[in-house]
There are 4 protein chains.
Amino acid sequence: MTTEQDRGEARCNQVLDAAATCFRQRGFHGASMAELARAAGMSVGHIYHYFENKEAIIAAIVERDVAEILALLDSLHDEEDILQALIREAGNEMEESPCSDEALQVEILAEASRNPKVAVTVHEGDRRARTRLAETIASGRARRGLPPLADLEARTEIIIALFEGLMLRRIRHPKAVDDATIAVLRSTLHTLLET
Amino acid sequence: MTTEQDRGEARCNQVLDAAATCFRQRGFHGASMAELARAAGMSVGHIYHYFENKEAIIAAIVERDVAEILALLDSLHDEEDILQALIREAGNEMEESPCSDEALQVEILAEASRNPKVAVTVHEGDRRARTRLAETIASGRARRGLPPLADLEARTEIIIALFEGLMLRRIRHPKAVDDATIAVLRSTLHTLLET
Amino acid sequence: MTTEQDRGEARCNQVLDAAATCFRQRGFHGASMAELARAAGMSVGHIYHYFENKEAIIAAIVERDVAEILALLDSLHDEEDILQALIREAGNEMEESPCSDEALQVEILAEASRNPKVAVTVHEGDRRARTRLAETIASGRARRGLPPLADLEARTEIIIALFEGLMLRRIRHPKAVDDATIAVLRSTLHTLLET
Amino acid sequence: MTTEQDRGEARCNQVLDAAATCFRQRGFHGASMAELARAAGMSVGHIYHYFENKEAIIAAIVERDVAEILALLDSLHDEEDILQALIREAGNEMEESPCSDEALQVEILAEASRNPKVAVTVHEGDRRARTRLAETIASGRARRGLPPLADLEARTEIIIALFEGLMLRRIRHPKAVDDATIAVLRSTLHTLLET
DNA sequence: GATGAATGAGCGTTCATTCAT
DNA sequence: GATGAATGAACGCTCATTCAT
C-alpha cells in the first residue's frame, strides 16, 4: 500500500517536473498536453488520472513552490543571525540564477491573472509565504534586540516585490542581475531589515 | 496625404487600444484576432493591413509604452527637484492603480520569454527606458549637488525592479499596495536616490 | 446582398443535408464533425460559421422537418375530403419507406432525451406540428359535417403515436410495415378520424 | 458450485441494473464504463469478466427486457378474459410511467440502428415477443368465442406500434400521456382486439 | 476473482492567417 | 482600403479496452 502510494506520488512529481520544464520553455498555453506527456514519460490520458486538468497542474506547481519557500524560511531559524541569513540567501538565490525560473514564474502570474482557480491557489500560497516571511523577520529582529516594526507587513511586501521584481527583470534585461546589482540589493535589504 | 497618414495612424492606435484591453482581459493567447477586430471596430482581415501578425501587435504595444515612459521621464526635467519628482511620481503611479496594468505587463513578459521577436523589442525598449532613467537620476543628483554614483546602473536596476515588482505583486496579493507599502517604497527610493 | 444571403442559406442546407445523412448512417455521436465537413464539401472550421456547435445542427434539422410537416398538412386543406387525404397520405408515407428516416428520427429522440437545448427545439416543434394536425382534423370533420370531438387532442396524440411508432417498428422488425399492416393502420385511422 | 453460479449471476444483474440506469440518464455513448463500474460497485476491468464489451451489455439488457415481457404475457393466460387483461395492462403500464423507460428504449433503438450485433439481438427478441403476443391474442379471442383473425400479425404490429409509439411520445411531448389519451388508447385496443 | 493503472486514437472546437471580392 | 468566408492543424480532454498484479 505504502509502495503504491509512493509510486503514485512519484508519478505525480514526474508530471510536475515535466510540466515545469515545458511551461518554462513553451509557456502554459504553448505547451500541449501531448508535450507534457512525452516529457513525463507517460500517456496523455494517464496524466488525467493524477490531475483533473491543465490548470490543476500549474496549481500543484505553485503549491510545491510555496512548500519549498516555507521550508527555506524555516531552515533560517536554525541560523544564529536570521536577518543576515535572509540577506545572504536572497543574494545567493539571485546569483545562482538556477534555471531561468523567471520564465515559469511569469507563466504562473499570467495564468493567475486570468484563471480564477489558479488565482485562488496563488493568493493562498502567497498569503502563507508572506506571513511566514514576516514572522521570520520579526524573529530575526527580536533575536538581535531590535525593536518590533510598526510597518512589518509593508516592509515585507517591499522585500518580496524587490526579490520578485529583480528575478523578472531578467526577462526585459538578461544582464540585469550582476555583482553590482546584488550589492545594491543587499544594502537595500539591510536598510529594510536591520534599521 | 497627411490626412491619410493620420487616418492610418488613428486606425493603428484603434487596434493597439483594443488589443491592450483584450490582452489585459483575456491574455495574449486567450484573446483571438476576432475579438481584437470586434473591439477595434474593424474586420479581422483589415488588422493584417496594419500589422504583420499577432506578435507585431504586442511589439507595437511595447513600443508605445516605452514612448510613454520616456515622455514621462523627460517631463520630469522641467521640475525643480527631479529626484523628489521621481519619488512622487513613483508613488502616484502605484496609488492610482489605473486599470490593472499588471495583467498586460505580465502578458508582455510571458510573450517575451518565449517569442524571440517580441524579446528583441522588449530588450531594446528596456534599454532605452533604463538608460533614460539613469540619465534622469544623474541629472537630478547633479542639480542637487550630490556626488555622481559609481553604482548608478545597479541602483537604476533595483529601482526598476522595485517598481515592476510592486506592480506585479497585485497579482499574487491584490491588497499588496496600500498606504503603508507606498510609504516604505518612498523611503526606499529616498535611500537609493538621495544618498 | 440577396445573392450572398442565398449563398449562405445554400451552404447551411448543404451542411444540414450532409448532417442528416451522416447522423442516419453513424448516429449523432458516431458521426464526427470531420465526417460532416467532408460530406458537406467544406472545412470543419467553416461549419462553425453557420452553426454554433453540433447540437445546433441537429436542432436545425428538427426545425426543417417540422416546416416540412406543416407544409404537408397545409397542402391537405386544398383537398376536397381532408380526412380521406390524411389517411391516404399516412399510408403513402409508410409505404414509400423513403430513406430509412427512422434512423434519423431515433437519433433526434435520443439526443432530445439527454440534451436540454435539443429537447426545447423538439418540444416546440412538436407543439406546432401537433396543434396543426388537430386543427386539420377539426377542419376535416367540420367539412364532412361530423360533430366536433371532445377528445380531439387525445385522438391526435394517439394518431401521432401510431404513426411514429410504426415508423420506429422498422428498427426492431424491418418487415413490420407491409400491405396488411398498412390496411390495419388505415382502418384504425378511419375509426379515430371519422367516427 | 450453484452458489458460485448464483453469485456470478447476481454480479451480472448488478451490472445490468447499473447500466440501465446509466444509459437512461446519460445515453449509451454518454455513459462511460467508469460510470457503469461506479454505479455497479465494481471495478472497470471486472465488468469485462462478465461482458465482452459495451455492446454486449446493452444486448443483455434487451434480452432481460424480452424475458420480462414474455413473463407478463404468460401471466395473462391465468386471467379469465385475456383480451380485457391485455387492454387493462396496456393502460396500466402507460399510466404508471415508471421511470422514464422511454430514454432507455430510445438508446436501444438508436444502437440497434447502427450496431449489427445489437440489431440481431433486438430483432430476435422482438420476434419472440411479437409471436407470443399474437398467440396471446389468438388465445384470448378463442376463449371468448371470437373468430380467428386473418390479419392477426398485422393487428399485432399495430398494437405494438401504438404502445411503443405512445411511450416515445413522452420525449417529444412530456404531457402526451394523460387520462384522455389512455382512454383513446383503450378504445383503440378494444377495436383491434375484440372486433 | 478482482483491481485500476495505462494506453492512444479520436472527439468537438478554436484560431491565426489568407485571399477573392 | 476593407471585408469576412474559408482553411485545417492543433488544442484539451475522454474513453473503451487491456493486462500486470
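Labels below follow one simple rule: chain letters A, B, ... track the order of the sequence lines, proteins then strands, and each chain is numbered from 1. All of these numbers come straight from a predicted model, not from anything done at the bench.
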Open item on the list: With heavy-atom distances below 4.5 Å as the criterion, would you say the side chains of Pro174(D) and His123(C) are in contact?
Closed with: yes

Open item on the list: Would you say His49(A) places a side-chain N or O within less than 4.0 Å of OP1 or OP2 belonging to dA5(E)?
Closed with: yes

TODO: Please list every stem that involves DNA chain E, where a stem is a run of 3 or more consecutive Watson-Crick or G-U wobble pairs with both pairing distances under 3.5 Å.
DONE: E:2-21 with F:2-21

Task: salt bridge (Lys or Arg N to Asp or Glu O under 4.0 Å), paired with Asp17(D), selected from Arg11(D), Arg64(D), Arg24(D) - done: Arg64(D)

Task: 5' precedence on DNA chain E between His46(D) and Ala31(C) (nearest-nucleotide basis) - done: His46(D)

Task: Separation of atom CD in Glu52(C) from atom P in dG12(E), rounded to whole Å - done: 16 Å

Open item on the list: Side chain of Ser32(B), heavy atoms from C-beta onward: which of dC15(E), dA16(F), dA5(F) has the nearest atom to it?
Closed with: dC15(E)

Open item on the list: Students often get this wrong, so: under 4.0 angstrom with heavy atoms, is Arg11(D) touching a base, only sugar-phosphate, or nothing?
Closed with: sugar-phosphate

TODO: Could you tell me the separation between the CD1 atom of Ile47(B) and the P atom of dC19(E), rounded to a whole number of Å?
DONE: 18 Å

Open item on the list: Of the options dA16(F), dT3(E), dA2(E), whose atoms approach the side-chain atoms of Tyr50(D) most closely?
Closed with: dA2(E)

- [ ] State which residues pass side chain to side chain donor-acceptor pair (under 3.5 Å) with Arg38(C); sequence neighbours excluded, sorted by chain then number.
- [x] none

Task: Contact nearer the 5' end of DNA chain F, comparing Tyr48(A) with Asn53(D) - done: Tyr48(A)

Open item on the list: Within the 4.0 Å heavy-atom criterion, would you say Phe51(D) contacts the bases, only the backbone, or no part of the nucleic acid?
Closed with: nothing

TODO: Select base, sugar-phosphate, or nothing to describe what Met33(B) touches, counting heavy atoms under 4.0 Å on all strands.
DONE: base

Task: Between C1' of dG10(E) and NE2 of His29(D), the distance in whole Å - done: 13 Å

Task: Residue Glu68(B) excluded, over 12 heavy atoms near CD under 6.0 Å - done: no

Open item on the list: Assuming nearest nucleotide by heavy-atom distance, tell me which of Val44(B) and Ser43(A) is located more 5' along DNA chain E.
Closed with: Ser43(A)

Open item on the list: Between Glu107(D) and Phe28(D) (side chain of the first, backbone of the second, donor and acceptor by atom type, cut-off under 3.5 Å), is there such a pair?
Closed with: yes

Task: From Ile58(C) atom CD1 to Phe51(C) atom CZ, the distance as rounded to the nearest 0.5 Å - done: 12.0 Å

- [ ] Starting from the 5' end of DNA chain F, give me the residue, Gly45(D) or Gly45(B), whose nearest nucleotide shows up first.
- [x] Gly45(B)

